[in-house]
Amino acid sequence: MTKNVGGIDRILRIVVGAALIVAAATGTVGLWGYIGVLPLLTGLVGWCPPYALLGFNTCSVGKK
């Protein structure tokens, strides 16, 4: 797995994912808020399956 999520993209995914999980855990939003696990994990790991399928890469490491 080559990293394809970098910089600001990772930070935004982690913040939005964590915010959705907290909102779901506190009852502010419904159970759908736990969908925040997906952006949180992709932000932490640095790899996004849809980016890989579509050929996107926001990670500057390894680019030439």
Side-chain angles (χ1 to χ4, degrees):
M1 268 187 328
T2 303
K3 291 189 184 274
N4 61 6
V5 179
I8 300 296
D9 195 4
R10 285 183 82 171
I11 293 168
L12 287 174
R13 287 171 184 257
I14 291 168
V15 169
V16 169
L20 280 171
I21 293 168
V22 168
T26 60
T28 305
V29 297
L31 289 176
W32 66 269
Y34 286 109
I35 195 88
V37 169
L38 295 174
L40 179 64
L41 287 177
T42 59
L44 292 173
V45 173
W47 185 75
C48 178
Y51 272 22
L53 288 173
L54 298 173
F56 293 148
N57 188 349
T58 61
C59 185
S60 60
V61 176
K63 282 188 177 178
K64 293 183 179 183

- Work out which heavy atom in Tyr34 is nearest to a heavy atom in Ala25; give both atom names and the distance. OH-CA, 3.3 Å
- Do you know which two heavy atoms are closest between Ala24 and Gly30, and how far apart they sit? CB-O, 3.7 Å
- Message: Can you confirm whether Lys3 sits close enough to Trp47 that some side-chain heavy atom of one is under 4.5 Å from a side-chain heavy atom of the other?
- Response: no
- Message: Quick check: is Ile8 connected to Leu40 through a chain of hydrophobic side chains (ILVMFWY, heavy atoms under 4.5 Å apart)?
- Response: no
- Message: Checking Arg13 now: which residues fulfil salt bridge (charged side-chain N to carboxylate O under 4.0 Å, His left out) with it, not counting sequence neighbours?
- Response: Asp9
- Item | Cluster link Leu12 to Val45, ILVMFWY, side chain under 4.5 Å | no
- Might you confirm whether atom CG of Leu38 has over 12 heavy atoms from other residues, nucleotides or ligands at distances under 6.0 Å? yes
- Is it true that Ile21 and Leu31 fall in one hydrophobic cluster, defined by side-chain heavy atoms closer than 4.5 Å? yes
- Query: In chain order, what residues pass the side chain to side chain donor-acceptor pair (under 3.5 Å) check against Thr2, with sequence neighbours excluded?
  - Reply: none
- With sequence neighbours excluded, what pairs up with Leu41 under the side chain to side chain contact (heavy atoms under 4.5 Å, CB included) test? Val37
- Item | same_hphob_cluster(Ile14, Tyr51) at 4.5 Å side-chain heavy-atom cutoff | no
- Note on the structure: For Cys48 and Val5 the tightest heavy-atom approach is CB-CG2, 3.6 Å
- Would you find more than 12 non-hydrogen atoms of other residues, nucleotides or ligands less than 6.0 Å from Leu54 atom CG? yes
- Task: Pick out which of Thr58, Asn57, Thr42 makes a side-chain contact (heavy atoms from CB on, under 4.5 Å) with Asn4.
- Result: Asn57
- Do Phe56 and Met1 sit in the same hydrophobic cluster, where Ile, Leu, Val, Met, Phe, Trp and Tyr count as joined when their side-chain heavy atoms come under 4.5 Å apart? no
